[in-house]
Amino acid sequence: MTVKAYISGTGSYLPPKVLTNKDLERMVDTSDEWIVQRSGIKERHIAENETTADMAIKAAARAIEMAGISADQINGIIVATTTPDSTFPAVAVKVQSALGIPACPAFDVQAVCSGFVYALSTADAYIRTGLMSRVLVIGAEKMSSIIDWTDRGTCVLFADGAGAVILEARDVEDGEGLEGQGIHSTHLYANGEGKDLLYVDGGVSSTGDSGHIKMEGKEVFKYAVTYLAEIVAEVLAQNKIHPDQIDWLVPHQANIRIIESTAKKLDMSMDKVIVTIDRHGNTSAASIPLALDEAVRDGRIKRGQMVLTEAMGGGLTWGAVLFRF
Ligand code: ACO
């Protein structure tokens with residue numbers, strides 16, 4: 001008998017303030033047409049008086065409710081974020097105290113836009129080794145706090161929000177294979193050679209402030225398309241599956257052209273791809289659980305369906321997770 005980790009509940013939260021491309025036209029030299037054509041973004045949510053932890057707590061509460069568990073049954077909390085409320089403590093412990101989760105491992109992981117895939121893979125590993133059995137995994141970001149609002153190359157892209165899942169252990173009979181519910185494979189990579197293509201020009205041990213996002217957009221785009229094509233090919237090969245066995249692609253929402261390129265590599269029609277970039281922008285580690293929760297709640301993603309999720313972000317980092325929901 002082995003153990004597999006499956007998603008028992010999803011939740012998400014978006015701050016109420018919506019910033020449209022028209023609003024941005026009044027702030028920097030840009031146009032709705034440029035932003036939509038180059039990125040697919042029409043509007044995004046921006047947190048005003050809320051922190052990353054505030055948003056994480058709301059998303060987590062919704063995931064706990066859907067899972068039908070109580071907070072005191074959770075025995076691990078992993079938060080993916082690049083924009084924590086403070087240098088320390090971790091956002092994870094703020095979530096723990098707000099929701100009344102008993103003593104357990106609680107920590108943040110930082111892999112920028114790949115953060116949720118990293119956090120989900122970490123939680124999966126803890127569950128498979130038996131160290132945790134019910135883990136709250138969150139992706140939460142307040143990217144607006146590290147945006148340079150005078151840099152039109154980046155300020156039109158990033159946004160705020162949070163998403164969460166509950167990952168639970170399930171006993172698996174030997175030989176169950178890919179038909180069983182749960183995470184089938186996780187794939188994580190980083191290439192530090194790309195660290196200067198997408199970074200923040202500040203930090204605790206350098207400038208002493210949190211800094212702002214700097215990005216070589218064109219270069220990052222090229223790496224994203226290449227690495228994501230490679231990683232989805234690896235997922236297919238390792239699991240010995242054909243793209244038509246995947247019901248849904250839930251990609252990180254950085255750019256509609258990157259998403260379309262990955263779908264094309266998978267020979268997948270865009271109506272099997274969950275897209276939120278038009279309304280959410282790039283919420284970094286929050287984008288995948290936000291998209292997943294939206295599609296679960298509106299009934300597109302159903303129990304028993306196969307889902308592939310992937311992301312590429314600063315670092316450079318990239319990764320993918322294949323699971324049956
Ligand atoms: N409005 C109007 N013009 C603009 C804007 C804007 N908001 N931003 C840039 N431009 C101009 C540039 O100045 C440039 O003008 P020039 O030709 O006169 O020099 C022109 O538009 C083209 O700029 P590019 O940067 O070459 O445009 P590109 O087609 O590459 O699109 C974009 C830019 C959308 C940023 C794209 O490169 C992209 O999506 N890159 C990947 C982003 C990504 O995936 N990041 C990873 C995840 S994020 C994370 O990890 C935190």
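Note that ligands are numbered from 1 as they come in the structure, with each ligand's atoms numbered from 1 the same way. The model shown is predicted, which means the values in this text are computed figures rather than measured ones.
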inquiry  = Could you walk me through whether Thr283 and Glu141 satisfy the side chain to side chain donor-acceptor pair (under 3.5 Å) test, starting with their C-alpha distance in whole Å, then the side-chain angles of each, then the deciding distance to 0.1 Å, before giving a yes or no?
reply    = CA-CA 6 Å; Thr283 58; Glu141 300 280 17; over 6 Å; no
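- With hydrogens left out, the protein atom closest to atom 31 (O) of ligand 1 is Arg257 NH2, 3.6 Å, a heavy atom.
- Ranking the protein heavy atoms by distance from atom 40 (N) of ligand 1 puts Gly217 O, 3.0 Å first.
- Note that atom 45 (N) of ligand 1 has protein non-hydrogen atoms nearby, at separations under 4.0 angstrom.
- Atoms of ligand 1 lying under 4.0 Å from any heavy atom of Gly313, numbered from 1 in the order shown and given with element: 50 (O).
- Ligand 1 lies less than 4.0 angstrom from a heavy atom belonging to Gly153.
- Every atom of ligand 1 with a heavy atom of Met312 under 4.0 Å away is listed here by number and element: 46 (C), 47 (C).
- No more than 12 heavy atoms of other residues, nucleotides or ligands shown are found within 6.0 angstrom of CD on Glu65.
- Residue-environment remark: CG (Asn49) stays at or below the threshold of 12 foreign heavy atoms within 6.0 Å.
- Using modelled atom types, one finds no donor on one side chain facing an acceptor on the other under 3.5 Å when comparing Tyr223 with Glu216.
- No hydrogens or angles considered: a donor-acceptor pair under 3.5 Å links the side chains of Asn239 and Ser185.
- Formation of a donor-acceptor pair under 3.5 Å by the Lys272 side chain with backbone atoms of Ile246 is found in this model.
- Ligand 1 has an N or O atom lying under 3.5 Å from an N or O atom of Trp34, backbone or side chain.
- Which parts of ligand 1 touch Ile258 is read off a 4.0 Å heavy-atom cut-off, strictly below it: atoms 44 (O).
- For ligand 1, the polar-atom distance check finds an N/O of Gly314 within less than 3.5 Å of one of the ligand's N/O atoms.
- Under 3.5 Å, the side chains of Thr51 and Asp54 contain a donor-acceptor pair of N or O atoms.
- Here the OH-CH2 distance, from Tyr189 to Trp318, works out to 8.0 Å after rounding to the nearest 0.5 Å.
- For the 3.5 Å distance criterion, the side chains of Glu43 and Thr20 fail to qualify, holding no donor opposite an acceptor.
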task = Could you give me the CA-CA distance, side-chain angles and deciding distance for Thr186 and Asp124, then say whether side chain to side chain donor-acceptor pair (under 3.5 Å) is met?
result = CA-CA 8 Å; Thr186 64; Asp124 174 62; 4.5 Å; no
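- No N or O atom of Asn282 sits closer than 3.5 Å to an N or O atom of ligand 1.
- Of all protein heavy atoms, the one closest to atom 14 (C) of ligand 1 is Arg152 NH2, 4.7 Å.
- Using modelled atom types, no side-chain atom of Arg44 and backbone atom of Asn282 make a donor-acceptor pair closer than 3.5 Å.
- Annotation: cation-pi geometry satisfied between Arg303 and Phe325 (NZ/CZ under 6.0 angstrom from ring centroid, within 45° of ring axis).
- Heavy-atom contacts of Met215 reach the following atoms of ligand 1: 35 (C), 42 (C), 45 (N) (cutoff under 4.0 Å).
- Heavy-atom distances between Val220 and ligand 1 reach below 4.0 Å in at least one pair.
- Contact analysis leaves Val28 out of contact with ligand 1, as no non-hydrogen atom separation drops below 4.0 angstrom.
- Near Phe158, the atoms of ligand 1 lying under 4.0 angstrom from a non-hydrogen atom of the residue are 48 (S), 51 (C).
- Taking a cut-off of under 4.0 Å to the non-hydrogen atoms of Leu157, the atoms of ligand 1 that pass are 35 (C).
- In this structure, atom 1 (N) of ligand 1 lies nearest to the protein heavy atom Thr30 OG1, 2.6 Å.
- Checking atom 19 (O) of ligand 1 against the protein gives no heavy-atom contact under 4.0 Å.
- Neither the backbone nor the side chain of Thr154 has any atom closer than 4.0 Å to an atom of ligand 1 (non-hydrogen atoms only).
- For His187 (side chain) and Gly319 (main-chain N/O), no donor-acceptor pair under 3.5 Å exists by modelled atom type.
- At least one N or O atom of Asn255 sits closer than 3.5 Å to an N or O atom of ligand 1.
- At the shortest separation from atom 25 (O) of ligand 1 among protein heavy atoms lies Lys218 N, 4.7 Å.
- Interface of Val156 with ligand 1, defined as ligand atoms under 4.0 Å from a residue heavy atom, comprises 7 (N).
- Using a 4.0 Å cut-off between charged side-chain N and carboxylate O, Asp160 and Lys142 make no salt bridge.
- By the neighbour-count criterion of 12 heavy atoms within 6.0 Å, atom OH of Tyr126 is sparsely surrounded, having that number or fewer from other residues, nucleotides or ligands.
- For ligand 1, the polar-atom distance check against Arg38 finds a nitrogen or oxygen pair separated by under 3.5 Å.
- Remark: minimum distance from atom 48 (S) of ligand 1 to any protein heavy atom is reached at Cys113 SG, 2.9 Å.
- Note that atom 29 (O) of ligand 1 has protein non-hydrogen atoms nearby, at separations under 4.0 angstrom.
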